[in-house]
Amino acid sequence: MATELPKAYDAKAAQEKWLTFWEERGYFHSNPDPAKKPFTIVIPPPNVTCALHMGLALNHTLQDVLIRWRRMQGFNALWIPGTDHAGIATQAVVERLVFAQEKKTRHDLGRDELVKRIWAWKDQYEARIITQLREMGASCDWRRTRFTLDPVCARAVRETFFRMFKDGYIYRGKRLVNWDTHLQTSVADDETDTVETKGGFWTFKYQVVEKEYLGDELFGKPVYEELPDGTIVKGDTLLDPDAPNLDATQFISFSTTRPETMLGDTAVCVHPNDERYKHLIGQYVLQPHTGREIPIIADGILADPKLGTGCVKVTPAHDPNDYACWQRHPEIGIINILNLDGTINEQGGEYKGLDRTKARDAVTEKMKELGLYIDRADRDIPLKISDRSKTPIEPLLSDQWFVKMGDFDSAVACGVAGNATPQATKQGLAQMTMDAVTSGRVKFYPDRYARSYLDWLGEKRDWCISRQLWWGHRIPVWSKRFTERGVFNFQRKGLALMVPAGTDAAFQFQEDTLTIHVALRADDTFKADLEGNGYKQSEDVLDTWFSSALWPHSTLGWPGPVLPEARADRTAPDWEKDQSYYPTSVLVTNRDIITLWVARMVLTGLFNLNEIPFSHVYIHPKVMDGFGEGMSKSKGNGVDPLDIIERYGTDAMRYGMAKLATETQDSRLPVSNVCPHCGKEVPVKQEHMYMRTKKLACPECKKEFRPGGPWPMEDTERPTAKQGSDRFEEGRNFANKLWNATRFLLMNLDGYTPGAIKLEELPTEDKWLLSRLATTTKAVTGALEGYHFSDVARLLYDFVWSEFCDWYIEMSKGRLKDAAARPLAQRVLAGVLDGILRLVQPVMPFVAESLWHALNETASERGLPAPAKAEESVVIAKWPSYPDAWISAEVESRFARMQDLVKSVREVRNRYQVDDKTRLDVSVKCAEAVAADFNALATFIGPLAGIATLTAGPTATKPKQAGGIVRPEFEAYVSLAGLIDVAAEIKRLEKQIADKRKSLEGTKAKLSNEKFVAGAPPEVVQLQRDLVVDVEKQIAAMEENMRDLESA
RNA sequence: GGGCGUGUAACUCAGCGGUUAGAGUGCCUCCCUUACAAGGAGGAAGUCGGGGGUUCGAGUCCCUCCACGCCCACCA
């Protein structure tokens, strides 16, 4: 007797047991193997600050499904895990923590100390993330765990930066950054929030002054206009050189939401075709606070005649649009009026030192005094706020490093010494990156996402890679600014000679500021030389995406050689060998980072290796809350996967995630709070968002609890609810169903002997099952190949539950009791279950492994069509495939008719709840009447329909179609009319008959339409004809039933 | 403003040109039958967002309108 399994699947026990088992056996570790084709995935590295959330759970589950499946298919499957240092987010978290605990800012700590603290923090959180990943069953090669700031990645960053710098792809430029005046750092666009704020909309005027024209210098400037298709053209000057001079008392009015920026105005701007102002173009106005005389220029892109007064002031240093305008009209000049702390600098004259908000009032007041103030209106203005400090962002002009994305028309002046790598291409990086997708080398699934990738790259906007932070890869550039051109030129000529042999250094010479920039490939003696000569390394670090962009090849050890690995549980990558894993197979991620990350990985892959980083990009949906909103910490609507795992089990969570992964871009996950007192599920309501609700009363037990969510603090008053979601019940139930199906088999395996089967000798129900197994296996494999994870889950569920369990197992019960039929039934059951466990493993590895081992105890040799020794673990078992010849439409349709019959009998039994004896009589009579049609299958109708005994009779009858009841059954039960509600039954029948008639009419109309008969495929026409016959019969039968009822 | 997506049963979703539109959960009835109550059997529940069109045939393709969501630009 086999060991009997417990009655229900214990997810927790299985999870603990098999995680250890798998890792001890080293199934997830991969080494290069010339005999096996590699299948590689690099994980999108989660931020070290990140707690596990449902989006990650989805992402990781899908990758693991692919990896486990390919591993079974015999690929050399490698999944590289790791984490991202996530520059600003991480630094911000630690800074906040330090401040909360020690009341110290980063300036108090200093750079080295802060970085040290962040490393400590990182170690702790990285460990947490890795643990959570493990617990989800992720079959990563943990020995290859990487971090974007570790030495392996750092070297790749250094190498890439150096190559790009040397080739002139990286250059020094100016950019308006979002400046956080509180934290005194720049922040990326996605680290800001835009909030509607009550503000003002001031209208002022500037007086036009008499001034000598700059003549052609200004008049000759072309006018810029944006055409409807978005292109910007340089038009002819619209100005009439003989334009009348103006009278001295003229004014030009404009509006602003930020009056203080008037201090930095360098022009006012109108539309070239605006008749109101045409004559003023080329004149000057007086900026009263600073006394500057600034020109009136024409720019059709910046000025919109329909907005405001049609005239706009231009503050290039403090507004992105104005900045763009300045780039088109550099002659107007650019004036920065802000200090880094948000106060006005010396350019603001008498306003120097004032905070920008105070300056705003003062500047406005002055305009009033001068009679230049027109009015002020209240207006809600979108105010950019820093996510971290919650203070307003100031656009500020600053020097930054950029990667040039556009086509390579003019190289940046640079020089090289040492062993520079020959560059791959001088093609524009953006174009090259786009070509990889348009040529089909990189494919998106679903393909619509290729569009966002191409559209974004098509703008060819340069990539600003410097960040004013301390946490990250410090920019490996040493710069020195010279005060005299002669010295600058001298140094410029002599620099290459200073470089010691064996050192790789590259130079860029910035003419306008007399600055020399030196990039070093590695830290060596030359670094000390430079520093000794007054060169200073950049204080900035690289954009965090710069290092993640290299992830697919940096994690494999590019550019080599092997670096020493400090940790015993890690293996250093060896590019020499590991490059066989590159390019990787598929990248699995969500649509938010197609541009930020995916595009840049393609870019660096092509730049560094002249090879794409992956052939497929699979974009999965985003997990939304129950109201269709994205989950986020600030909304407090996130769901903790650990709650889900605890409540439903890991397999259930994974199944739920797979089921969620359809082709749409969003998928909702409504949750409920599980009352910690009584277990009642209380649905989460929208007003519970943003953690506004601190306590809830359970509608069941009336006790209070705190709703679940990412609360920063413990609640000492009342317990916090865990969250649940009925979307995971399906998976939990499914795992349990698998468990019990196996349990059933194990209880019936006494005397099991392995043996081959011959399809043609099998009974019909076996043929049916194998047909379904072969079909399902094929479909599941196909769905995986196309990344249709939801279909995978559904196909498995339907086959296992609705076919294998509901029908086949029930049918096998009789045969297992019959000594003659028993061995074959056991072989088929064991063989099919074996296939099921293999198919289920990628999605639900824990339950699959538990059952695999249980089955191995008594039936280690099994399989179809011929048995084989089962592998020691389903993780490394072979992915199944069955002969196409097993698939039989004929068998399946015969079986379907039998199923219809059984359902019909069951329906009768269920609808008329009479005493057992009567029900039995009726059922037997029904079954007898219909069974004869089905030969061997007839044997099962009785048991399946819940009838104890069955004697097959000769009466044959057409089986019912769904919804109708065959005639003999009806005769049987109508004789019991006294026991049933005749009136209700008549009503039901009337409705049914009416429905049938309606559908019949439709079908007949179709058939009498010549075009249909001629145009539709013959089998469709035949189907319709058969349908008419069937439905007519049904109606006739039902009408007869009606008459019987009426007379009863 | 541009792009993308979504409106199908009470809820979450399948169905993507061809029989009488499906599943899970929830609901109702019956059943603790020796694999499984995390279960079994049955049932009720849908003018497939509105309006046009193409087609022999339209949740399914096209146009349009409405509602919702996401992303990107812009708002002097």
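If you're wondering where the values come from, they're calculated on a predicted model, not measured in any experiment.
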Legend entry - Phosphate OP1/OP2 of B:rA37 contacted by A:Lys7 side-chain N/O (<4.0 Å): yes

Legend entry - Short side-chain N/O contact from A:Arg732 to OP1 or OP2 of B:rA38, under 4.0 Å: no

Inset, instruction - Using a 4.0 Å heavy-atom cut-off across all strands, classify A:Cys269 as base, sugar-phosphate, or nothing. - result: nothing

Legend entry - Watson-Crick or G-U stems involving RNA chain B, each at least 3 pairs long, distances under 3.5 Å, ordered by first number: B:1-7 with B:66-72, B:10-13 with B:22-25, B:27-31 with B:39-43, B:49-53 with B:61-65

Inset, instruction - Ignoring the backbone of A:Thr1003, work out which of B:rC4, B:rA35, B:rU20 is nearest its side chain. - result: B:rU20

Legend entry - By ring-ring contact (aromatic ring centres under 6.0 Å, His included) - contacts of A:Tyr445 (at least two apart): A:His616, A:Tyr787

Inset, instruction - Give the rounded distance in Å between these two atoms: CD of A:Gln826 and C1' of B:rA35. - result: 15 Å

Legend entry - Per-nucleotide protein contact string for nucleotides 55-63 of chain B (B base, S sugar-phosphate only, - none; heavy atom under 4.0 Å): -B-------

Inset, instruction - Quick one: label A:Tyr797 by what it contacts on the DNA or RNA (base, sugar-phosphate, nothing), any heavy atom closer than 4.0 Å. - result: sugar-phosphate

Inset, instruction - Pick base, sugar-phosphate or nothing for A:Tyr648, based on heavy-atom distances below 4.0 Å to the nucleic acid. - result: nothing

Name the pairs: protein N/O against N/O of nucleotides 13-16 of chain B, kept only if under 3.5 Å.
residue	atom	partner	partner atom	Å
B:rC13	OP1	A:Arg668	N	2.5
B:rA14	OP1	A:Thr662	OG1	2.7

Legend entry - Nucleotide nearest A:Glu729 (side chain, heavy atoms from C-beta), chosen from B:rG26, B:rG40, B:rG69: B:rG26

Inset, instruction - Using the C1' atom as the reference point in each nucleotide, state the distance between B:rA67 and B:rG51 in Å, no decimals. - result: 15 Å

Inset, instruction - Grab the CG-P distance between A:Asn740 and B:rU34 for me, whole Å please. - result: 13 Å

Inset, instruction - Indicate, with a heavy-atom threshold strictly under 4.0 Å, whether A:Lys813 touches base, sugar-phosphate, or nothing. - result: base

Legend entry - Parallel, tilted or perpendicular, as decided by the 30° and 60° cut-offs, for the rings of A:Phe804 and A:Tyr808: parallel

Inset, instruction - Would you state whether a donor and an acceptor, one from the side chain of A:Glu810 and one from the base of B:rA35, lie under 3.5 Å apart? - result: yes

Inset, instruction - Kindly point out which of B:rG5, B:rA35, B:rU19 is positioned nearest to the side chain of A:Gln1024? - result: B:rU19

Inset, instruction - State plainly whether the residues A:Asp625 and A:Arg668 are in salt-bridge range, i.e. N to O under 4.0 Å. - result: no

Legend entry - Phosphate OP1/OP2 of B:rG40 contacted by A:Trp801 side-chain N/O (<4.0 Å): yes

Inset, instruction - Measure from CG on A:Asp592 to C1' on B:rG3 and round the result to the nearest Å. - result: 15 Å

Inset, instruction - Please measure how far the P atom in B:rU6 lies from the corresponding atom in B:rA14, and state the result in whole Å. - result: 9 Å

Legend entry - Nearest-nucleotide 5' precedence on RNA chain B, A:Cys311 against A:Asp798: A:Asp798

Legend entry - For atom CZ of A:Phe627 and atom C1' of B:rC68, their distance in whole Å: 14 Å

Legend entry - Cationic N near anionic O, under 4.0 Å, A:Arg647 to A:Glu681: yes

Inset, instruction - Using the P atoms only, state how far B:rA21 lies from B:rA44, rounded to an integer number of Å. - result: 14 Å

Legend entry - Given B:rA35, B:rC71, B:rA41, the nucleotide with the shortest approach to the side chain of A:Asp806: B:rA41

Inset, instruction - Determine, step by step, whether A:Asp651 and A:Tyr9 satisfy the side-chain hydrogen bond (donor to acceptor under 3.5 Å, both in side chains) criterion, reporting the C-alpha distance in whole Å, the side-chain angles of both residues, the deciding distance to 0.1 Å, and the verdict. - result: CA-CA 11 Å; A:Asp651 286 324; A:Tyr9 173 52; 2.8 Å; yes

Legend entry - Syn/anti state for B:rG26 [syn: chi within 90° of 0]: anti

Inset, instruction - State whether A:Arg258 and A:Glu394 are salt-bridged, where the test is any N-O pair (Lys NZ or Arg NE/NH1/NH2 against Asp/Glu carboxylate O) under 4.0 Å. - result: yes

Inset, instruction - Remember a base hit wins even if backbone is also touched, and classify A:Ile809 as base, sugar-phosphate or nothing at under 4.0 Å, heavy atoms. - result: base

Inset, instruction - Quote, to the nearest angstrom, the C1' distance that separates B:rU19 from B:rC28. - result: 30 Å

Legend entry - Passing option when A:Ile644 is tested against A:Arg732, A:Arg727, A:Met653 for side-chain contact (heavy atoms from CB on, under 4.5 Å): A:Met653

Inset, instruction - Scan A:Lys737 against the nucleic acid and name what it touches under 4.0 Å (heavy atoms): base, sugar-phosphate only, or nothing. - result: base

Inset, instruction - Please name all residues satisfying ring-ring contact (aromatic ring centres under 6.0 Å, His included) with A:Phe734, sequence neighbours left out, ordered by chain then number. - result: A:Tyr655, A:Tyr797

Legend entry - Spacing between A:Trp807 atom CH2 and B:rA41 atom P, to the nearest angstrom: 8 Å

Legend entry - Integer angstrom distance from the C1' of B:rC63 to that of B:rA58: 15 Å

Inset, instruction - Please determine if A:Arg794 and A:Asp791 form a salt bridge, counting it only when a charged side-chain N lies under 4.0 Å from a carboxylate O. - result: yes

Inset, instruction - Write down the distance separating the C1' atoms in B:rC16 and B:rG1, rounded off to the nearest Å. - result: 31 Å

Legend entry - Whichever of A:Pro670 and A:Glu730 has its nearest RNA chain B nucleotide further upstream toward 5': A:Pro670

Legend entry - Length of the CZ-C1' vector between A:Arg591 and B:rG5, whole Å: 8 Å

Inset, instruction - Output, in order, the C-alpha distance, side-chain angles, deciding distance and verdict of side-chain hydrogen bond (donor to acceptor under 3.5 Å, both in side chains) for A:Ser1008 and A:Lys1006. - result: CA-CA 6 Å; A:Ser1008 61; A:Lys1006 237 189 225 179; over 6 Å; no

Which pairs of donor and acceptor atoms, one on a side chain in residues 1010-1025 of chain A, lie under 3.5 Å apart (sequence neighbours left out)?
residue	atom	partner	partner atom	Å
A:Gln1022	NE2	A:Asp1026	OD1	3.1

Inset, instruction - Return yes if a side-chain donor-acceptor contact under 3.5 Å exists between A:Thr309 and A:Lys205, otherwise no. - result: no

Inset, instruction - Send over the distance from A:Arg743 CZ to B:rG39 P, rounded to a whole Å. - result: 14 Å

Inset, instruction - For B:rC66 and B:rU55, measure between their C1' atoms and round to the nearest Å. - result: 26 Å

Legend entry - Rounded distance in Å between the P positions of B:rG53 and B:rA10: 29 Å

Inset, instruction - Can you tell me the distance, in whole Å, between the CZ atom of A:Phe804 and the P atom of B:rC36? - result: 15 Å

Legend entry - A:Asn733 side chain near B:rU25 phosphate (N/O to OP1/OP2, under 4.0 Å): yes

Inset, instruction - Run the salt-bridge test on A:Glu1032 and A:Lys1004 with the 4.0 Å N-O cut-off and return the result as yes or no. - result: yes

Legend entry - Electrostatic pair A:Asp666:A:Arg591 at N-O distance under 4.0 angstrom: yes

Legend entry - Between A:Glu729 and A:Tyr648: side-chain donor-acceptor atoms closer than 3.5 Å: no

